[in-house]
There are 2 protein chains.
Amino acid sequence: MSKLDESLLTGLPPFSRLERGQIREILDQALPKRYDEGNEIFHEGHDAERFHLLLDGYIRVVKTTEGGEQIIALHISPGQLFGIAPALNRDTYPATAVAASESLALSWPVRMWPEFTAKYQGFATESYNTLGQRLGEMQTRITELATQAVEQRVAAALLRMVTQSGRKVEEGIEIAFPVTRRNISEMTGTTLHTVSRLLSAWEKDGIVHSTRKHIVVTDPHRLVVLSGVQG
Amino acid sequence: MSKLDESLLTGLPPFSRLERGQIREILDQALPKRYDEGNEIFHEGHDAERFHLLLDGYIRVVKTTEGGEQIIALHISPGQLFGIAPALNRDTYPATAVAASESLALSWPVRMWPEFTAKYQGFATESYNTLGQRLGEMQTRITELATQAVEQRVAAALLRMVTQSGRKVEEGIEIAFPVTRRNISEMTGTTLHTVSRLLSAWEKDGIVHSTRKHIVVTDPHRLVVLSGVQG
DNA sequence: TCAACTCTTTGTCCTCTAGCAAACTTGCGG
DNA sequence: CCGCAAGTTTGCTAGAGGACAAAGAGTTGA
């Protein structure tokens, strides 16, 4: 296997404060792996053997209820750590990670986590920052689910995806990974039927343009209004 | 001010691995404070100047939406840290903390957080454990809100409070701090009206006995069934 | 090129529960 | 002891959105 290039990690928050030599060390111990769309990176309840860093693609972190319904806990974008159970002293993964599109990730054995945090100044700090942000996002979702109507939640979910992974195209801003109506319903706690109706209505109003697994937001501003954010 | 007794901290998870001398040091720097029911400990958005440990009583951590609605993010029981913004490198409190009953808490300036985690072996570990648990609880609530009906959510909320703070009385198990119908609605994303109707129905079925601000669960098992947990 | 899937759209029905309104109860402060 | 505020109960109504059903469209693979 050829050596990984150091530029992969330079500039990513968890590693931004490290020196070249340190990054070299870290990379030499990383296991890179490619995942096709739909492939699992790890599974809920299984032993947390490795922690991961997404280099390219998108990951959905999913939880399955006793009733068999799925809900999407989190979207991971390139540059983010995920499956960081060791940071919380957990020994199993609390959810399942699935590639939303073809993805490339590095991973390390969990036993290296203490070493990373102790040895590399700033790694722990950045990791706990990330954790804090996720805690905040979850809080936001709880609030939304508890107080907002379905339409607002779906609008907010689209905006979140656009913000996190929007790529500009001529019509507007496109969500950079495949999303189905069902996926959106799993993010917002509704049914795919309702999501479909909403998207159809918004399409008619010229707010979005959507095809199969593919959504372009043509009028982000009106979506913001729909999401119910006070100015 | 007389010295605080060391036994206050001995046995609490964050400090369980410390020696007497260390506990003495920590206590000497703590500021104890009493709060009446309804008093604020800290307010959302304000500078996070101190982190806190609840010794006695119960704390509600509350978030207010733009629309003015409140939702209860978290309940804190004696022995738990709260307002630990510094652990996540935040410099403002993400939510408001209010005493649910008369409470006693210690607090320390946030600048001591790095010292605590560095100096006292196990403090950081235990703190991040706590954080992991809270993350898990939030995940559970998101799942509930997204997939369960109101009745199941209210049943689950009651059970959670009973588990966290249940005290045995002759009729059954009593929630150890004052709770209003409105409070429960703020935990479950419904209205106080609906909660009132549910409690009335359950009272009729002999599952709970409730008075003003006060709830006793007389048949926990049937409540578990209502909450929809699969066996 | 056909078959099987997966994803999407649309229609209809019906339940749950939010919203509104009003009365009642309890407890506290003056 | 009274009056007021906070908390609770209950009735009524309308509407959102879930459940079910069925058909259409796009993709994949044999």
Side-chain angles (χ1 to χ4, degrees), chain A residues 36-38 60 65 67-72 98 100-102 144-155 157-158 175 177-205 208-216 226 228, chain B residues 36-38 60 65 67-72 98 100-102 144-155 157-158 175 177-205 208-216 226 228:
Chain A
D36 282 330
E37 183 177 336
R60 265 191 270 276
T65 67
E69 293 157 296
Q70 296 208 324
I71 79 122
I72 296 177
V98 180
S101 61
E102 186 180 341
E144 279 180 15
L145 283 165
T147 67
Q148 306 206 299
V150 170
E151 183 177 42
Q152 298 180 302
R153 302 207 300 265
V154 174
L158 285 189
I175 294 168
F177 52 89
V179 213
T180 66
R181 312 289 183 266
R182 171 167 292 281
N183 286 330
I184 296 175
S185 76
E186 286 167 351
M187 301 175 59
T188 53
T190 181
T191 62
L192 78 163
H193 307 273
T194 301
V195 173
S196 177
R197 285 180 232 271
L198 284 172
L199 286 180
S200 298
W202 291 341
E203 181 111 35
K204 207 169 299 170
D205 292 349
V208 303
H209 176 65
S210 67
T211 56
R212 175 172 258 239
K213 287 188 164 206
H214 199 83
I215 300 180
V216 180
L226 283 172
Chain B
D36 282 330
E37 183 177 335
R60 265 190 269 277
T65 67
E69 293 158 296
Q70 296 207 326
I71 79 123
I72 296 177
V98 179
S101 62
E102 186 181 340
E144 279 180 14
L145 283 165
T147 66
Q148 306 207 298
V150 171
E151 183 177 43
Q152 299 180 300
R153 302 206 301 264
V154 174
L158 286 188
I175 294 169
F177 52 89
V179 214
T180 65
R181 312 290 183 264
R182 171 167 292 281
N183 286 331
I184 297 174
S185 77
E186 287 166 351
M187 299 175 60
T188 52
T190 179
T191 63
L192 77 164
H193 309 273
T194 301
V195 173
S196 176
R197 286 181 230 272
L198 285 171
L199 286 180
S200 298
W202 291 342
E203 181 111 35
K204 206 169 298 171
D205 292 349
V208 302
H209 176 65
S210 67
T211 56
R212 181 172 257 238
K213 286 189 165 206
H214 199 85
I215 300 180
V216 180
L226 283 173

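Reminder, nothing fancy here: chain letters follow the sequence lines and each chain counts from 1.
With DNA chain C read from its 5' end, the first of the two nearest nucleotides for A:E203 and B:V150 is the one closest to A:E203. For the pair A:R197 and B:S200, nearest-nucleotide mapping onto DNA chain D gives the more 5' position to B:S200.
Not counting sequence neighbours, B:S196 has no partner by the side-chain hydrogen bond (donor to acceptor under 3.5 Å, both in side chains) test. Annotation: side chain to side chain contact (heavy atoms under 4.5 Å, CB included) contacts of B:S101 (sequence neighbours excluded): B:Y58, B:S103, B:F177, B:P178. Under the side chain to side chain contact (heavy atoms under 4.5 Å, CB included) criterion, B:T147 pairs with A:T65, A:E69, A:I71, B:T143, not counting sequence neighbours.
When the P atom of C:dT17 is taken as reference, atom CG of B:L198 falls 8 Å away, rounded to whole Å. Distance, A:E37 CD to C:dT6 P: 14 Å, rounded to whole Å.
Taking 4.5 Å as the limit, some side-chain heavy atom of B:I184 sits within range of a side-chain heavy atom of B:I215. For the pair A:K213 and A:E37, the minimum side-chain heavy-atom distance is below 4.5 Å.
Taking 4.0 Å as the cutoff to heavy atoms of chain B, we find the contact window on DNA chain D bounded by D:dA6 to D:dC12.
Closest approach of A:M187 and A:I72 over heavy atoms only: CG-CD1, 3.7 Å. Nearest heavy atom pair, residue B:V208 against residue B:L199, reads CG2-O, 4.0 Å. Across all non-hydrogen atoms, the minimal contact from A:H209 to A:E203 is ND1-OE2, 2.7 Å.
Distance alone, capped at 3.5 Å, places no donor-acceptor pair between the A:R181 side chain and the A:V195 backbone. Judged by distance alone, the side chain of A:E151 and the main-chain N or O of A:L226 form no donor-acceptor pair under 3.5 Å.
Residues from residues 208-216 of chain B lying near DNA chain D, meaning a heavy-atom separation below 4.0 Å, are B:R212, B:K213 in numerical order. A heavy atom closer than 4.0 Å to some atom of DNA chain C occurs in B:T190, B:T191, B:H193, B:T194, these being the qualifying members of residues 185-194 of chain B.
Between A:R181 and C:dC7, a side-chain N or O to OP1/OP2 separation shorter than 4.0 Å is absent. OP1 or OP2 of C:dT9 has at least one side-chain nitrogen or oxygen of A:S196 nearer than 4.0 Å.
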